[in-house]
Structures are given as C-alpha cells and as structure tokens.
Amino acid sequence: MKHLTFKNYNIADWFSFYRIAVFPILMLLIFVEWRVWFTWMLLISYLTDAIDGQLARRLKISSPRGSQLDSMGDQLTLVAALAGVLYFEHKFFLEEWLFIGIAIGLYTLQMIIAWRKYGKATAFHTYLAKISAILQAAFILWLLWFGTNYWLFYPMIILSILETVEEITLIFMFDEWRSDVKGIRWALREKQSETTKGT
C-alpha cells in the first residue's frame with residue numbers, strides 16, 4: 001500500500017490530520033458567531049472520524065501512530081463541539097450542568113491518569129467508545145440545528161460516562177500503552193490467555 005502514503009503518512013492519517021488542522025478554524029467560527037458554518041464544519045469533522053477508521057481497516061493500514069492521531073483528532077473535535085454548545089446553547093448547558101459536569105470531569109480524570117501512566121492519551125477505540133461517539137455527534141448536531149432532544153441527550157450522556165469509566169479501567173489493566181482494545185471483556189480474555197501461556 002505504498003502508493004497510498006505521502007511523507008510516511010497514509011491516507012487514513014491525513015483524515016485525522018484534517019480534524020487536528022480544522023480545530024482552530026472551528027474555534028474561530030465560534031468567536032465570530034457563525035453558527036451555521038461551525039455546525040457544517042463540525043459535521044465534516046465527524047464524518048472524517050468515521051472515514052479514517054474504515055479506511056485503515058479496509059486497506060489494512062492500521063497502526064499505533066494512526067490510532068494516536070485519530071484520538072488526538074477526536075479530542076480536539078470534542079473540545080470544539082463542547083465549546084460550540086457552551087456558546088451557542090449556553091442555556092441548555094447551564095440547565096444540564098450536573099450531567100455534563102460529571103461527564104467532563106470523568107473524561108478529564110481519565111486523561112490525567114493516562115498521561116501520568118503512559119505519557120500520552122489513550123487510543124483504545126473500544127466498541128463502547130465508538131457507539132458513544134456516534135451518539136455524541138448525533139446529539140450535538142441535532143442540538144445546534146434543531147434544538148434540545150432529551151431522547152438523545154440522556155442515552156448519550158449515560159453512555160459517555162460508562163465509556164469513560166471503561167477507559168479508566170483499561171488504563172489500570174494495561175501497564176504499557178495499547179491501541180485498539182475492543183473493551184474490558186476482550187482485555188480480560190487477553191489477560192487470561194497470557195496467564196494460561198505463562199503456566
């Protein structure tokens with residue numbers, strides 16, 4: 001697959017780079033209060049998140065570097081999305097500050113634990129994280145375009161909290177940085193397999 005690479009980065013990596021590069025533009029659009037442009041560009045960022053993972057798997061070009069770039073793009077997109085919700089829908093943000101605060105607090109804790117243990121953010125990309133990301137994107141885009149939808153909000157926020165708890169648990173399960181771990185169930189199987197081989 002060398003024809004798909006440019007300066008040692010493959011095509012999936014460049015989709016992740018897009019999300020990283022567009023972050024300051026999203027923040028600028030919030031600053032100048034261009035809500036419609038911000039929402040459309042946020043949608044594009046979410047779409048590139050879906051595309052890069054599919055490309056990496058289909059073309060068999062997945063790598064720890066790609067997983068880390070993907071996670072960095074995800075984190076910056078999340079920060080921009082939350083900033084957009086806080087600015088454009090501040091009333092909703094204040095009404096639901098408790099749930100949102102718990103989710104953000106746990107996410108921040110997870111980032112701190114990961115950086116202290118691994119020196120970088122996690123890139124587990126669990127099944128729960130993928131489902132949570134889809135719900136987050138759906139809710140935030142709906143909120144920015146049409147207004148509050150609590151049928152999306154509560155499942156999204158609960159799943160986001162559960163996903164973060166799973167990430168924290170996985171950090172304690174793996175002494176060394178790992179990418180693309182499907183979830184706790186699969187991690188336990190792997191640990192059990194390693195124990196069996198060692199006996």
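Reckoned from all heavy atoms, side chains included, excluding hydrogens, waters and symmetry mates.
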Without placing hydrogens or testing angles, list every side-chain donor-acceptor pair under 3.5 Å for residues 94-104, not counting sequence neighbours.
none

Under 3.5 Å, which donor-acceptor pairs do the side chains of residues 133-142 form with other protein atoms, sequence neighbours left out?
from: Q136; atom 1: NE2; to: S132; atom 2: OG; distance (Å): 3.3
from: Q136; atom 1: NE2; to: S160; atom 2: OG; distance (Å): 2.9

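Judged as a ring pair (Phe, Tyr, Trp, His ring centres under 6.0 Å), and not counting sequence neighbours, the contacts of Y150 are Y154. Not counting sequence neighbours, Q75 has no partner by the side-chain hydrogen bond (donor to acceptor under 3.5 Å, both in side chains) test. In this structure, the side chain to side chain contact (heavy atoms under 4.5 Å, CB included) partners of L86, at least two apart in sequence or on a different chain, are F93. Under the rule for a side chain to side chain contact (heavy atoms under 4.5 Å, CB included), the partners of R189 that lie at least two apart in sequence or sit in another chain are R185, W186.
The 12-atom threshold is exceeded at NZ of K117, counting heavy atoms of other residues, nucleotides or ligands nearer than 6.0 Å.
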### Query
Does the salt bridge (charged side-chain N to carboxylate O under 4.0 Å, His left out) test come out yes or no for K130 and E163, once each step is laid out?
CA-CA 9 Å; K130 292 172 183 176; E163 184 271 323; over 6 Å; no

### Message
Let's go through L159 and I131 carefully: what are the C-alpha distance in whole Å and the side-chain angles of both, what is the deciding distance for side-chain contact (heavy atoms from CB on, under 4.5 Å) to 0.1 Å, and is it a yes or a no?
### Response
CA-CA 8 Å; L159 202 61; I131 297 169; 3.4 Å; yes

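With F174 as the aromatic partner, R178 meets the cation-pi criteria of under 6.0 angstrom to the ring centre and within 45 degrees of the ring axis. Both the sub-6.0 Å distance and the 45° axial angle are not jointly satisfied by K120 relative to the ring of W115.
Contact detail for R19 and G73: the closest heavy-atom pair is NE-C, 3.7 Å. Taking all atoms of both residues into account, the shortest heavy-atom contact from S71 to H125 is OG-NE2, 3.2 Å. The minimum heavy-atom distance between V85 and F92, with the atom names listed, is CG1-CD2, 4.3 Å. Here the closest non-hydrogen pair linking I184 and E166 is N-OE2, 3.3 Å. Between A80 and I30 the shortest heavy-atom distance is O-CD1, 3.7 Å.
Within the model, atoms CD1 of I158 and CD1 of I161 stand 7.0 Å from one another, a figure rounded to the nearest 0.5 Å. Here the CE atom belonging to M111 is positioned 11.0 Å from the OG1 atom belonging to T164, to the nearest 0.5 angstrom. Atoms CZ and OG1, from F88 and T39 in turn, are 7.0 Å apart once rounded to the nearest 0.5 Å. Atom OG1 of T122 sits about 8.5 Å away from atom CG of L170, to the nearest 0.5 Å. Rounded to the nearest 0.5 angstrom, E89 CD and L144 CG are separated by 6.5 Å. Between the CZ atom of F38 and the CG atom of L43 there is a distance of 11.5 Å, given to the nearest 0.5 Å.
Side chains of S45 and Y18 form a contact here, defined as non-hydrogen atoms less than 4.5 Å apart. Counting heavy atoms from C-beta outward, F23 and V79 have side chains that approach closer than 4.5 Å. In this structure, V165 and Q110 have side chains that are not in contact, with every pair of non-hydrogen atoms separated by 4.5 Å or more. The shortest distance between side-chain heavy atoms of K182 and T126 does not fall below 4.5 Å. The shortest side-chain heavy-atom distance between W37 and V32 does not fall under the 4.5 Å cut-off.
At a threshold of 4.5 Å between side-chain heavy atoms, the hydrophobic network of Ile, Leu, Val, Met, Phe, Trp and Tyr places V36 and M27 in one connected group. One hydrophobic cluster holds both F172 and Y118 under the rule that ILVMFWY side chains link at heavy-atom gaps under 4.5 Å. There is a path of hydrophobic side-chain contacts, each under 4.5 Å, that joins L42 to L28.
Side-chain contact annotation: E33 with Y87, donor-acceptor N/O pair under 3.5 Å present.
Remark: of the listed residues W151, F153, F146, W151 is the sole one forming a side-chain contact (heavy atoms from CB on, under 4.5 Å) with N149.
A ring-centre distance under 6.0 Å is found for W40 and W145.
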